[in-house]
Every structure is written in C-alpha cells, then in structure tokens.
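Down below is the structure, laid out as structure tokens.
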Amino acid sequence: YYPEKDIEEMISEIIENYKKGKKVLVITNTVKKAQSIYNLLRSNKELKVNLLHSRFIWKDRNMKEKQIFLDEKSHAPCIWISTQIVEASLDIDFDILFSELAPLDALIQRMGRIYRKREYSEDLPNIVIAGSSGNPSGKSHVYDSALIDATHNILSEVNTKKLDERIKKMLVEKLYSLEQLANTKYYKKFRDYQKLIKLGYKAENKLEAERIFRRISSIEAIPVEVYENNREKLLEIQEKIYSKDALKKLQGLKELKALTVNIPLEIKDYAQNLISLDKEVELRIFLINLNYDTELGLLPDKNTENII
C-alpha cells in the first residue's frame, strides 16, 4: 500500500510488470480516471493495453468483454484498465492488480480478479494500492468519504502482509464497526434508513423518505456520433421494432440497445447533455451530445455544436 501515491505514479511499475510477461489489471474508481490512465499508457506502442468501463455503447462493451477473456487465456502479457464493473461481473484471472484506494469490501472484490484460479506462491506483493493521500477519484460521490478514510487507516496497519480469507473478513468487520464509523455522516445516514424502514413508508413521511433515499436512476441513450453513423441502420431497426412479428421486434430492440450507452442521471455533466431524438427516426430514445470514441468510450467533452 502506497498511502501518498496517486495511481498515475504507478505507470512505470505497471509497464515493468508487463515487460516481465504478466497480465496486469488496473482498476480505478471513476471512468474519467480510467480514461486518463489509458491515455498515459497507449502512447507507448510497445504495450498491449485495453480499456473497459460502463460508458461504452453495448456493442463495443460486449466486444471488449470478449477480448478480456481472450487475453486472459493467451500466453502473451497484457494491460487492462477498468472500473468497478469487473469487481464481480467478470470471472477473470490476472497476475497483478494496481488499484485506487476504495472501501475494503470493494478492494477485496477487486483482489478476486487476480490469482482467482491459482495459488500465489511468490514473495513479492501482487496487489498494489495507490492511496492518493486518502483522496482517490470518486471519493464522496462514488464511495462514502468515511469508508475511504477508515480503509486508508486500516490498510496502513496491514501493509505488505499476506491477506488470507480470515484476515479479509476481520478487516471488513473492522471497517463497518461502530469503533470506525460511530461519529460519521455515513453512520447517521444508516440510522436514518433504519428509522425510515421501521416507519413502513407511511404517507406522512413521503417527503422525508425522498430526502433520505436520493433517487438515482439512469437511462439508455445513443451518442450523437453513433447516431449519425447509423441513421440507415436505425431506420431498419425502427421497422423491426414496429413489426407485428414478435421475433423481428425482439431483434430490433436488441440491435437498438447495442448502439446505446448507460447514462447516470445523477451526474450533471451527462444529464444536461441529453437531447430528444428527431422525428426522422421515431424511436423513444434520447441522444447524448458528448463525444464518443471506440477506444475511450463516452468522453466528458461536449461536441462543438449540436448537429441534431
């Protein structure tokens, strides 16, 4: 555990492990940070490096998920940069993990992506965590600050030690103990949730319920560039969706989803760039007016002008 280092400062160590023939997994807390690390590494043409996160259209994301399994089975070294989506959804087995600081239970999920199907017998650590002085990306809006701070302290106590399942369980119990969280906003919110559940969601407490349980939702949208490049295909998809043939309808819906990306409405930079689809294609779906790249995914930079 490197308490003060940022994940960017691990680049040379990531490359060193790649050159040793290892399959390297890098996990960040946010898409933006994953894209940044990928940009730092892809400039080196000697490296085989890929990026996977939740802001790819489904067609590209599915291709990348297939590729990560192919790379895992290959004898060649590789570097994959990802986010939390690999924590539980992908049954991969890499050699070494570089991760941003995250709550201990999330870190343990990430640890499960390396030496998943093998015994590790080397003396050197195969898990490297960048603490970023307790301020990794995603602190407060992805992971609760209290959990990050507590994990930061706990990891310092077990640095360079071998973690078996018993120790992992003990550390997670310590993280969520009253000793760690009693005076935090996280614990206060937990107590509020408990009280609200006991109230049974009675009508007079509806406003309080909405205040405490912040509504987080997402929708599927097509990046404007993807829409422009697939206008004819979308007309064909529209015809299938409005067909009376059930199989054609299902095929159309599947093809439409392949061109969409999941947009979290609670993130302002995404939500404010959603626009309605024009009348040329009569599909009930939004467009997202942000740049899209097949290697990087949806980018935070807005297109220079709306083309719809």
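- We find that E72 and K117 are joined by a salt bridge, their nearest charged nitrogen and carboxylate oxygen being less than 4.0 Å apart.
- Here L256 contributes atom CG and W58 contributes atom CH2; the two are 13.0 Å apart, rounded to the nearest 0.5 Å.
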### side chain to side chain donor-acceptor pair (under 3.5 Å) assessment of E220 paired with N262
CA-CA 5 Å; E220 302 290 329; N262 189 266; 3.1 Å; yes

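- To the nearest 0.5 Å, atom CE of residue M63 and atom OG1 of residue T294 are 8.5 Å apart.
- Closest approach of T28 to Q84, counting heavy atoms only: O-OE1, 3.9 Å.
- At distances below 3.5 Å, at least one donor-acceptor pair connects side-chain atoms of S243 with backbone N or O atoms of D245.
- Using a 4.0 Å cut-off between a side-chain N of Lys or Arg and a carboxylate O of Asp or Glu, E236 and K240 do not qualify as a salt bridge.
- Heavy atoms only, all atoms of each residue included: P103 and L147 are closest at CG-CB, 3.9 Å.
- Counted by atom type alone, S132 and D6 present one or more donor-acceptor pairs between their side chains at under 3.5 Å.
- Between R116 and D91, at least one side-chain nitrogen of the basic residue sits less than 4.0 Å from a carboxylate oxygen of the acidic one, meeting the salt-bridge criterion.
- Expressed to the nearest 0.5 Å, how far OH of Y18 lies from CG of L47 amounts to 5.5 Å.
- Using a 4.0 Å cut-off between charged nitrogen and carboxylate oxygen, K139 and D149 count as a salt-bridge pair.
- A distance of 5.5 Å separates CD in Q35 from CG in L296, rounded to the nearest 0.5 Å.
- The pair K20-D95 does not count as a salt bridge, with every side-chain nitrogen at least 4.0 angstrom from each carboxylate oxygen.
- The minimum heavy-atom distance between L175 and Q180, with the atom names listed, is O-CB, 3.5 Å.
- With respect to E165 and K169, no salt bridge is recorded, no charged nitrogen being found less than 4.0 Å from a carboxylate O.
- The CD atom of E87 sits 8.0 Å away from atom CG of L107, with the distance rounded to the nearest 0.5 Å.
- By the 6.0 Å and 45° rule, R42 does not stack over the aromatic ring of Y38.
- Heavy atoms from other residues, nucleotides or ligands lying under 6.0 Å from NZ of K254 number 12 at most.
- Remark: the D105 side chain and the Y176 side chain contain an N/O donor-acceptor pair separated by less than 3.5 Å.
- By the 4.5 Å heavy-atom criterion applied to side chains, I275 and V224 are counted as neighbours.
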Original post:
Would D93 and R118 satisfy salt bridge (charged side-chain N to carboxylate O under 4.0 Å, His left out), going step by step from the backbone distance to the final call?
Top reply: CA-CA 8 Å; D93 183 11; R118 301 165 287 163; 3.1 Å; yes

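- The CD1 atom of I237 sits 12.0 Å away from the CD atom of E232 when rounded to the nearest 0.5 Å.
- Looking at E179 and K174, no side-chain N of the basic residue comes within less than 4.0 Å of a carboxylate O on the acidic one, giving no salt bridge.
- Figure legend: cation-pi geometry between K64 and F56, with NZ or CZ positioned under 6.0 Å from the six-membered ring centre and within 45° of its axis.
- Side-chain N/O atoms of Y292 and D60 include a donor and acceptor closer than 3.5 Å.
- When I114, N126, I129, V128 are each tested for a side chain to side chain contact (heavy atoms under 4.5 Å, CB included) with L97, only one passes: I114.
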